[in-house]
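Only one structure is covered here, and it is reproduced in the block below.
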Amino acid sequence: MEVLIIGGSGFLGTELVRRATATGWETAATYCSRPGGIAEASWHRLDLRSPGHIDEVLAAVAPSAVIDATSGGSDWAVTADGSIRVAMAATRRGCRLVHVSSDAVFSGSRIHYDETCLPDPVTPYGAAKAAAETAVRLLAPTAAVARTSLIIGHGRYGGYGGSVHERLVHALAAGTHDGVLFTDDIRCPVHVEDLASALLELAVSDHGGMFHLAGADALSRHELGVLIARRDGLDAARLPAGRRADTPMPGALDVRLDSGATQERVRTRLRGAGEFLHVQ
């Protein structure tokens, strides 16, 4: 198996590269500013804003599968246009494509979202992600598009650092960061190991269409922060709480990805945060 991981130096990308190389796959990965630290992979600089750059990387790597795990935030040129360029280039070369999307494509108006639900974003990031996944499904009908939620790792004990959510909890508990964890902002967090395992499983399958790769538990950001703090030996009482509805911050409040149909198609079990953050 020869796989190219777009965004391989990011949090999810690092786990994908680690697992792919450990499995014995010939693994290439891209980075924007600095290559990742896994020497077993070949690293290629890639600017998704540059037309033709992805074609050059694909020509050099010649992968059988491409996993697009890049995240440019609300930068439309990266998150939307860049992902579309990846889909076009992968299709031209006949590569299997797995595209990672987000629960940010939803407004929260219906709370529960299964794989058949259409995007209705309310933020620039959500709009960019929605544009990307819509284009991918049109340009590459056999591709797997995987929506996910908040990604959690092993925190400071994880070897290559925790996710942005874990780092925020540590900073808030230490008093080095201003802010609050919202009690009314609810998602279905997923562990990075489960997510990476499911994505690699999709990469070697012929399953196409929409998939939801989220954890089984719906938690507020504050509830999630408390679990992270307890796991890492922090004082959860130091985590400030607040309501997103009381702030001018845009975005959906309650978005719960239903992964039921996906779980019937992939072997990887998507654990809930109550399980993977449980303190023994």
Side-chain angles (χ1 to χ4, degrees), residues 1-8 10-27 29 38 40-41 63-71 95-103 105 112-117 133 136-137 142-155 158-160 162-163 165-166 187-219 224 227-228 231 255-278:
M1 181 69 178
E2 299 175 354
V3 63
L4 171 64
I5 298 166
I6 309 293
F11 181 65
L12 171 58
T14 297
E15 180 65 17
L16 285 166
V17 173
R18 186 189 72 80
R19 283 181 166 263
T21 55
T23 303
W25 292 2
E26 187 172 334
T27 306
I38 300 177
E40 291 80 4
S64 52
V66 176
I67 302 177
D68 185 1
T70 192
S71 177
C95 302
R96 167 69 171 161
L97 175 62
V98 178
H99 173 80
V100 181
S101 189
S102 166
D103 59 9
V105 302
H112 298 277
Y113 294 87
D114 64 22
E115 293 87 345
T116 67
C117 291
E133 69 172 43
V136 167
R137 296 182 72 184
T142 62
V145 177
R147 295 173 179 144
T148 191
S149 190
L150 306 183
I151 306 173
I152 306 300
H154 295 286
Y160 48 82
S163 67
H165 315 291
E166 293 162 289
R187 299 293 186 273
C188 295
V190 65
H191 198 280
V192 67
E193 289 183 349
D194 299 345
L195 178 56
S197 175
L199 290 170
L200 291 171
E201 185 180 335
L202 288 174
V204 296
S205 77
D206 57 1
H207 295 323
M210 186 62 65
F211 297 83
H212 280 184
L213 301 178
D217 299 334
L219 300 173
L224 176 63
L227 290 179
I228 292 171
R231 180 200 64 184
V255 176
R256 310 183 190 197
L257 292 186
D258 180 347
S259 303
T262 293
Q263 195 65 90
E264 294 179 357
R265 302 176 71 188
V266 300
R267 297 185 304 275
T268 301
R269 188 169 70 87
L270 302 168
R271 296 169 293 167
E275 179 180 348
F276 64 71
L277 288 173
H278 177 68

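Only heavy atoms go into these numbers, but all of them, side chains included; no hydrogens, no water, no symmetry mates.
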Interatomic spacing from [atom1] in [X] to [atom2] in [Y] - rounded to 0.5 Å:
X	Y	atom1	atom2	value
I6	S71	CD1	OG	13.5 Å
L277	R271	CG	CZ	9.0 Å
H165	L224	NE2	CG	7.5 Å
D194	I151	CG	CD1	11.5 Å

Qualifying residues under salt bridge (charged side-chain N to carboxylate O under 4.0 Å, His left out), relative to [X], sequence neighbours excluded:
X	result
R137	none
E275	R269
R96	none
R147	E133

Testing the basics here: between [X] and [Y], what is the closest heavy-atom pair and its distance to 0.1 Å?
X	Y	result
S149	C188	CB-O, 3.1 Å
A69	L16	CB-CD1, 3.9 Å
A273	L219	CB-CD1, 3.4 Å
G153	R231	O-NH1, 2.8 Å
A144	L202	CB-CD1, 4.3 Å
A203	A65	O-CB, 4.0 Å

Side chain to side chain, [X] and [Y], heavy atoms closer than 4.5 Å:
X	Y	result
Y113	V255	yes
L199	L195	yes
R265	T262	no
L213	L270	yes

Residues forming a ring pair (Phe, Tyr, Trp, His ring centres under 6.0 Å) with H191, sequence neighbours excluded: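 H191: ring pair (Phe, Tyr, Trp, His ring centres under 6.0 Å) contacts with H154, F276.
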Ring pair (Phe, Tyr, Trp, His ring centres under 6.0 Å) against F211, all qualifying residues, sequence neighbours excluded: none
Under 3.5 Å donor-acceptor, E264 side chain and A261 backbone: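 No, E264 side chain to A261 backbone: no donor-acceptor pair under 3.5 Å.
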N/O donor-acceptor pair under 3.5 Å between S259 side chain and A214 backbone: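 The answer is yes, because a donor-acceptor pair under 3.5 Å joins these two groups.
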Counterpart residues, side chain to side chain donor-acceptor pair (under 3.5 Å), relative to D217 (two or more places apart): none
All side chain to side chain donor-acceptor pair (under 3.5 Å) counterparts of T148, not counting sequence neighbours: none
Side chain to side chain contact (heavy atoms under 4.5 Å, CB included) partner of I67, the single match among V98, L12, L4: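 The passing option is V98.
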Run the side chain to side chain contact (heavy atoms under 4.5 Å, CB included) test against [X] and tell me which residues pass, sequence neighbours left out.
X	answer
D114	T116, C117, D258
A143	L97, V136, A140
E26	E2
T27	V3, I5, V17, A20, T21, W25, A41

Intermediate values then yes/no, salt bridge (Lys or Arg N to Asp or Glu O under 4.0 Å), R19 and E201: CA-CA 11 Å; R19 283 181 166 263; E201 185 180 335; over 6 Å; no
